[in-house]
Amino acid sequence: MKVKVLSGDHAVAHAVKLCKVDVIPTYPITPQTLIIEKISDFIFDGEFDATFMHADSEHSAMSMAVGASATGVRTFTATASQGLALMHEMLYVAPQTRLPIVMANVNRSLGAGSGIWAEYNDSMPERESGWMQVYVEDCQEAMDAIIQAYRVAEDHRVMLPMMVCLDAFVLSHTVEKVLVPEQSEVDAFLPRFRPMNYLDTSNPKFINIAVSPAHSMEMRYQMDHLMRGVAPFIDEVDEEFSKMFGRRYGGVIEEYRMEDADYALMTLGTATSTARVAVDELRAEGRKVGLIKLRFMRPFPHERLRRALEHVKAFGVFDRSISMNGFGPVFTEARNSLYGTGVPVTDHIAGIGGRDLTVQMFKEMFQRIEDSVKGGGRDCYWHGLRGEQI
Amino acid sequence: MSKQLTIRTMPQEDMLTSGHGACGGCGLSTAVNNVLRVLGPDTIVYAPASCFLVFSAQYPISALKVPFIYSAFENTGAVISGISAGLRRQGKASYVVGFAGDGGTFDIGLQALSGAAERNDDVLYVCVDNEAYMNTGTQRSGSTPFGAWTTTTPVGKVIQGKRQHKKDLMSVIAAQEVPYAATLSIAHPGDFLRKVEKAKGKRGFRFLHIMTPCTSGWKTEPSATYELARLAVETGMWTLYEIEDGAKRITYRPKEMVPVENYLKMQGRFKHMSKEDIETLQKWICKKWKMHYEPDMVSPVPRSEEEELSMVEEDNEGI
Ligand SMILES: Cc1ncc(C[n+]2csc(CCOP(=O)(O)OP(=O)(O)O)c2C)c(N)n1
Ligand code: SF4
């Protein structure tokens, strides 16, 4: 193990090298560029033996990833925002054809009102595609999540692609101390990729052809069933990871000071670090608050969440994206998890377009959550809006 | 040099077996089958959305004997590049071929095609050109000839048929200086086989552009497919040449220019064409004819008289 000072993007690049990825099709977009630049440095300097492909667009990059992965090699790509949107059509291919591609997505706002800062409105719409999605909190987790991602994705019980999501700039360009594992440790944790079905002329198969209504519904059902059953594998891999590397992330969710919490908030990404401070400060005041870090948006941890919230009086969800009709996507999922439990759930939208998130803001969220048990409040609050909108 | 393939010595094993769902008289299926016969069983096929995709496989059956993958419409150039990279990474040498229609090549797929050509990826890209979007019901593409009826260039009261000429795609490819690019016709099997074999023997990006008459979209009789492909070349609607390491060579030169009307009148898609429109098309052909056949600019491949004779004989057999 070495200690290095790395940005989130560079941590991802190091992880890709440690995972001995074979084929890496790429197309640049801020703030993902540091990832592919670093990988190309590694390859062009002869430090990393992989095939680097210069795609003509993100759509082509994902098409190349599909082609390469279908031959049975370990494949990686990275994108953000507009790039992810351009891939949309191709994202639907990898899950249904069971290609365990790993992709880093550096979350950034999308479309008009353009900005290059953190927001999840790029990746959240893709949660329907069949990709697993993990959101990471710091540079160390960015590195570790890539290593874990291949281990989960390539497990023959899973065989699904995974998106590792990291916040624009707040994480992609922030440098932190990162423990970089030895190659031998990663080799011991991550076996060579053993493809199941692949393009091979000695055993001809077809991958993804036209399917009539007589079969397509069962195929979708199987995919849904598969995704619903993946969460335990993720927890299992995290457990094994902790034995090898001494760090654990809790699998699909991580609980923080939840033991006796009456009020809980769920966050994801870098916001979690800020929210932890808010929890510590409120705990110091004697308030019984706790935090749940949502790691996986897909598979969504419905069961773990329900168990973690068995004893709370009220629950709030932080959303860094909005589904233009009143609620954020994380809230919608979480409320589904808690349906029938009677626990009041509120949505807390903040940090949109890279707006700063402060400790004070999370304290306000906890206040709203506490107040929600009295009833009469709203389901959804926007925090940190300027001016008189609220 | 080893003996070139002829219609008699070519591999006879079909990689695209009979029983697939193409229309009777489909030029595209003939083209695909013959390309695959030459490439042989150590070949991986990519098909974008197109007639070929739909007629060759429907879960759970396939008419292809070689591995086969589909993913989208506009990405043939990119997916075959990815397949090739994955194979080379494992030290595998299988041929990688993408068969895309004209729509998937001239229009929506042009970027990925150009990207693969620019990177000189080790793939064979075959454009099977039936001059419209046939799989979605005969809409116009950048390849549809001037004047042609399609469902999106209908014969209206004010405007009749397509108003633009066919895009010169080969020039776009040629400008990218690829190792090998050629135009093919199913009515010239000797020439066809030689070009496929040549493409097979090279590394890097190779492009074959095959004119493939389409009975349903062109509104023709199934029995007319071969004659249409032949007439396309005789009239100058289609020219046969190859570009090898930058050198362009005409590989077949018609003895004289047959008036385009002879070609048009066999097809329902042109039957409405006015005298003026036919003239416009004929003028465009003359310009193209000059460009391709002007002796100062290009010369036919020098061949012995014996070879020339055997070619003519073969090319009259059809495949
Ligand atoms: C992104 C996208 N747009 C449109 C389509 C619909 N589509 C499927 S096949 C096709 C036409 C194919 O035409 P061409 O490439 O010429 O091949 P052909 O069917 O004529 O062989 C179209 C428009 C699609 N599948 N994907
Ligand atoms: S529509 Fe045309 S190209 Fe398509 S299968 Fe029929 S004849 Fe062939």
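Lettering of chains follows the sequences in order, A, B, ..., and the numbering in each one begins at 1.
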So salt bridge (charged side-chain N to carboxylate O under 4.0 Å, His left out) across residues 79-93 of chain A, not counting sequence neighbours, yields none
Bottom line for B/Leu113: the part with an atom under 4.5 Å from chain A's heavy atoms is neither
One should read off an interatomic distance between A/Ile207 CD1 and B/Tyr46 OH, to the nearest 0.5 angstrom, of 12.0 Å
Backbone of A/Thr71 reached by a side-chain donor or acceptor of B/Gln90 within 3.5 Å: yes
Whatever's closer than 4.5 Å to a heavy atom in chain A on B/Val54 counts as neither
Indicate yes or no: at least one non-hydrogen side-chain atom of B/Ile69 is less than 4.5 angstrom from one of A/Phe206. no
Under a 4.0 Å threshold between the charged nitrogen and the carboxylate oxygen, would A/Asp22 count as salt-bridged to B/Arg88? no
If one checks every heavy atom of A/Asp49 against chain B at 4.5 Å, the contacting part turns out to be both
Donor-acceptor pair, side chain of B/Asn75 and main chain of A/Ser63, under 3.5 angstrom
no
Honestly, the part of A/Thr75 sitting under 4.5 Å from a heavy atom of chain B is neither
For B/Ala85 and A/Met53, the nearest pair of non-hydrogen atoms, with its separation, is CB-SD, 3.6 Å
Chain B shares the most heavy-atom pairs under 4.5 Å, among A/Asn203, A/Val73, A/Thr97, with A/Val73
**Message:** Atom NE2 of residue position A/His225 - does it have more than 12 heavy atoms of other residues, nucleotides or ligands inside 6.0 Å?
**Reply:** no
Rounding to 0.5 Å, atoms CG (B/Asp121) and CE (A/Met64) come to a distance of 6.0 Å
Bottom line for A/Val211: the part with an atom under 4.5 Å from chain B's heavy atoms is both
Whatever's closer than 4.5 Å to a heavy atom in chain A on B/Ser56 counts as neither
Looking only at B/Ala49, B/Ala47, B/Ala78, B/Ala116, the option with the highest number of non-hydrogen pairs under 4.5 Å against chain A is B/Ala78
Under a 4.5 Å heavy-atom criterion, the part of residues 185-201 of chain A in contact with chain B comprises A/Tyr198, A/Leu199, A/Asp200, A/Thr201
### More than 12 heavy atoms of other groups within 6.0 Å of A/Arg228 CZ
yes
Cut-off 4.5 Å, heavy atoms of chain A, and the answer for B/Glu118 is neither
Can you confirm whether A/Glu182 is buried at CD, in the sense that more than 12 heavy atoms of other residues, nucleotides or ligands lie under 6.0 Å from that atom? yes
query = Are any of the side-chain heavy atoms of B/Tyr59 and A/Met219 separated by less than 4.5 Å?
reply = yes
Tightest non-hydrogen contact, residues A/Ile209 and B/Phe68, listed as CG2-CE2, 3.3 Å
Under 4.5 Å to a heavy atom of chain B? For A/Met62 that would be neither
Determine yes or no for a side-chain-to-main-chain donor-acceptor pair under 3.5 angstrom, with B/Gln111 supplying the side chain and A/Asp56 the backbone. yes
For B/Glu74 and A/His59, the nearest pair of non-hydrogen atoms, with its separation, is OE2-NE2, 2.6 Å
So, the part of B/Lys65 with a heavy atom under 4.5 Å from chain A: the answer is backbone
Minimal heavy-atom distance between A/His215 and B/Pro60, with the atoms involved, is CE1-CD, 4.1 Å
Contacts satisfying salt bridge (charged side-chain N to carboxylate O under 4.0 Å, His left out) that involve residues 24-37 of chain A (not counting sequence neighbours) are none
Whatever's closer than 4.5 Å to a heavy atom in chain A on B/Ser94 counts as side chain
Distance col, row A/Ser69:OG vs B/Ile83:CD1, nearest 0.5 angstrom, shows 11.0 Å
Residues 20-49 of chain B vs salt bridge (charged side-chain N to carboxylate O under 4.0 Å, His left out), sequence neighbours excluded, gives B/Asp14-B/Arg37
